[in-house]
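In what follows, a structure is listed as structure tokens, so that the remarks can point back to it.
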Amino acid sequence: MSDLEVLLPDGSRRVLPEGSTALDLASAIGKRLAKDALAAEVNGQLADLSATLPAGATVAIVTPTSDKGREVLRHSTAHVMAQAVTRLWPGAHYAIGPAIRDGFYYDFELPGGDHFSDDDLERIEAEMRAIIAEDQPFTRSEYSIEEGLELFFDQPFKVEIINAVAQGASEEDLAEVASASVVSTYSNTPAFRDLCRGPHVPSTARLGHFKLMRVAGAYWRGDERRPQLQRIYGTAWESEAALAAHLEQLVEAEKRDHRRLGQELDLFSFPTEIGPGLAVFHPKGGTMRRIMEDYSRNRHVHGGYQFVNTPHIAKEELFQTSGHLQWFADGMYPPMELDDGQNYYLKPMNCPFHVLIFKSRQRSYRELPLRFFEFGSVYRYEKSGVVQGLTRVRGMTQDDAHIFCTREQMSDELASLLKFVLDLLRDFGLNDFYLELSTRPEGKAVGSDREWQEAETTLSKVATDAGLELVLDEGGGAFYGPKISVQARDAIGRTHQMSTIQLDFQTPQRFDANYIGSDNARHQPIMIHRALFGSVERFMAVLIEHYAGNMPTWLSPEQVRVLGVRNDHDAYALEVASALHLDEVRVEVEEASEPLGSRIRKAKMEKIPYILVVGDDDVANGTLGINARGSNAPERGVTLEEFRGRLAKEIAEHGSPEAL
RNA sequence: GCCUGGGUAGCUCAGUCGGUAGAGCAACGCAUUCGUAAUGCGUAGGUCAGGAGUUCGAAUCUCCUCCCAGGCUCCA
């Protein structure tokens, strides 16, 4: 018998008897590794531990604490769930069940069109634990297409996948089988077999640190014209500790949910009387908005923008010309009929209005680039199931601008714009970005191939030159042009779409907007759409979650609260407050009718940056005690002047408009 | 839009088998005057999301409508 040699990730080589499996390799390396091993990566391809190794292969053993290991665990757990469901609902059809971030899901169709309820999750979990306790092996087999169809004759979704693969399949379908001509399956018991490429853990006993999270409807193949299946989401980890840590993280994320903080901090609400996705801002939220908007306005003044204002509704014809009614009608509120059958629409975007301002008189090349800026409120009809807090609303205000420039100016304009955006976002404390380039939406776009090509190339170059990570979003552009969006990662690593920059050759053409060039001929300007906050509402939501409600001092609705120790200190407290008020600090006094501890607690819960406590010593010496947010060691005996200086400095450094 | 779960005092929530509405916090009043995360007592507060039905009787059971959350696609 001859030997085979394999290459390990550390560059070392190992000789094994021919026919050795990945598990044999793990055992040869060490007992501990053999015990931990879940699967193997052979020449870059994930494989079962039972796979025999080809000579010369590069082999890495996959263990539970790696991303790949977790993926295998999650995928195997999904199979266990499918088996549990088929045990509890004989005749259930199972569709697909992949590993996803932090967990897995599986889609089912239950006999008689039954639906899972929340209570079913417990029963399914119990059945899964029984399967795990049975220590069932995952056994791989391979079949021809015909044999596969025969094996899964009573599983219509599996049959559809096998047929799709046989006829030249998508990547997605291939994930379910071994290749276009080989159908691979994994069986745990004679009673349960699933179509799957694998790999899987050797036995169900290797699983167990999981929790079923929720049930949901999901359309077969994500297509709302197809039947809706019953999806169960679960999370699975390598250990109880990792599972607990994940669940804990979910609790933490919920604590910084902007909807919850918006309620707790009295920032905004969604009165049902007004309608879904339509927010009202309370005084504190209104103050935050004002600060954000003022800062942005100031930035735009310095950035060479001109301020414009436009109405919220316009005649049908405007949106015919712009193309919105043709391409964006689904996102618009229905028209209101006025006068003699004239239809008016609420505006979903500001661009047509800004074009009309451009067109209001003859323009010269000497004026370009022209930059029109507006906090423009727009209304979009979002489907009832998709509105979400301040991040997906039906009425919002965009910090919107449209730049009209020549083709030659386009590149430079985009490059400086990108810098402008990133600087602004950094001033708000976001500094981890990547860019996403969204290209032509298939079958839903105006303009020629050549124009799209040019626009996409230009954006892509500007994005690359900015030196940030660039991700391609195929077909994600607007109907009139491609876009770059700036994605920001927040304090707990989630990403949010913020600013968008879109190139548009179409709109100027549709409106016949032009300027007189140096050659005394008419030319069409290029139009750049851009919103830096995206929407003021969404931006505020992202900031609230990023800071967990602890807004930097310059953005805090109330920056300082002054508390007298006893009520005979209230007069001094008011004196301190009015001094700060002269510095334009947002300051309140709470008089001493409650115990000091109680008033401090209240101010802490309101996340006010500075609580000033003043008592006998302070009245005598003109000082104050500072209890800063996030600190539990108050500072005593600071002079008022000292505090004013510190506060002014902090606010200036955090990018207040005065700092420009 | 579709699937699952939910909507009870301003907020967070309890409410058993269908028998006439509860708590804590907040608010208000009185007392308390206090040096860094909850002073005490009291008062008031409800179309149980809205509508219809079943019933002697509905927060509770049925149907319809509205709204919220999660998912259907990204993202976490």
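Quantities reported herein were computed from a predicted structural model and do not represent experimental measurements. So you know, we letter chains A, B, ... as the sequences are listed, proteins then strands, and number each from 1.
In this structure, CG of A/Asp617 is placed 12 Å from P of B/rU36, rounded to the nearest angstrom. Protein atom CG of A/Asp570 is 12 Å distant from nucleotide atom C1' of B/rC34, rounded to whole Å.
For the C1' atoms, the distance from B/rC25 to B/rG45 is 14 Å, rounded to whole Å. For B/rA44 and B/rC30, the P atoms lie 16 Å apart once the distance is rounded to whole Å. B/rA38 and B/rU32 have their C1' atoms separated by 15 Å, with the value rounded to a whole Å. When the P atom is used for both B/rA58 and B/rU20, the distance is 12 Å, rounded to whole Å. On the C1' atoms, B/rU60 is 40 Å away from B/rC74, given to the nearest whole Å. For the P atoms, the distance from B/rA59 to B/rG19 is 10 Å, rounded to whole Å. Atom name C1', nucleotides B/rC13 and B/rU33: the rounded distance is 35 Å, in whole Å. Comparing the C1' positions of B/rA14 and B/rA9 gives a spacing of 13 Å, expressed to the nearest Å.
The partner of B/rC63, taking Watson-Crick or G-U wobble pairs whose two distances both stay under 3.5 Å, is B/rG51. As the counterpart of B/rA76, no nucleotide is assigned, since no Watson-Crick or G-U wobble pattern has both distances under 3.5 Å. B/rC11 is paired with B/rG24 under the Watson-Crick or G-U wobble criterion, all donor-acceptor distances under 3.5 Å. With both pairing distances under 3.5 Å, B/rA69 is matched to B/rU4 as a Watson-Crick or G-U wobble pair. Using N1 to N3 plus N6-O4 or O6-N4 for Watson-Crick, or N1-O2 and O6-N3 for G-U wobble, each under 3.5 Å, B/rG45 pairs with nothing. In this structure, B/rA31 and B/rU39 make a Watson-Crick or G-U wobble pair, each of the two defining distances being under 3.5 angstrom. Under the Watson-Crick or G-U wobble criterion, with both distances below 3.5 Å, B/rA58 is left unpaired in every strand shown.
The backbone N or O of A/Leu624 sits less than 3.5 Å from a side-chain atom of A/Asp618, completing a donor-acceptor pair. Judged by distance alone, the side chain of A/Gln398 and the main-chain N or O of A/Ser535 form no donor-acceptor pair under 3.5 Å.
Classification of A/Arg256 and A/Glu252 as a salt-bridged pair fails, no side-chain N sitting under 4.0 Å from a carboxylate O.
Considering every non-hydrogen atom in both A/Arg629 and A/Lys604, the closest pair reads CA-NZ, 4.3 Å.
The residue A/Glu264 sits apart from the nucleic acid: no heavy atom pair falls under 4.0 Å.
In this structure, the side chains of A/Phe533 and A/Leu424 come closer than 4.5 Å at one or more pairs of heavy atoms.
For A/Tyr106 and A/Phe108, the ring centers sit closer than 6.0 Å to each other.
Because its NZ or CZ atom is both nearer than 6.0 Å to the ring centre of A/Phe281 and within 45° of the ring axis, A/Arg289 counts as a cation-pi partner of that residue.
Of all nucleotides listed (B/rG35, B/rU39, B/rC67), B/rG35 comes nearest to the side chain of A/Arg636. Distance from the side chain of A/Ser598 is smallest for B/rU39 among the nucleotides B/rU36, B/rG35, B/rU39. Taking only side-chain atoms of A/Met605, from C-beta outward, the nucleotide of B/rU36, B/rU39, B/rA37 with the closest atom is B/rA37. The side chain of A/Lys602 has B/rA27 as its nearest neighbour among B/rA37, B/rA27, B/rU33.
Within the structure, the ring-ring contact (aromatic ring centres under 6.0 Å, His included) test picks out the following pairs touching residues 215-249 of chain A (sequence neighbours left out): A/Tyr105-A/Tyr233, A/Phe157-A/Trp220, A/Trp237-A/His246.
Between the side chain of A/Asp616 and the base of B/rG35, no donor-acceptor pair under 3.5 Å is found.
Each of A/Asn632 and A/Phe116 lies near RNA chain B, and the nucleotide nearest A/Phe116 is the one positioned closer to the 5' end.
Residue A/Ser117 places none of its side-chain N or O atoms closer than 4.0 Å to OP1 or OP2 of B/rU4. Taking side-chain N and O atoms only, A/His115 has no distance below 4.0 Å to OP1 or OP2 of B/rC3.
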Requested in this report: Classify every nucleotide of nucleotides 70-75 of chain B by which part a protein heavy atom approaches to under 4.0 Å, writing B for the base, S for the sugar-phosphate alone and - for neither, in 5'-to-3' order.
Outcome: BBBS-S

Requested in this report: I would like to know whether A/Gln502 and A/His529 meet side chain to side chain donor-acceptor pair (under 3.5 Å); could you show each step before the answer?
Outcome: CA-CA 5 Å; A/Gln502 299 175 278; A/His529 306 240; 4.9 Å; no

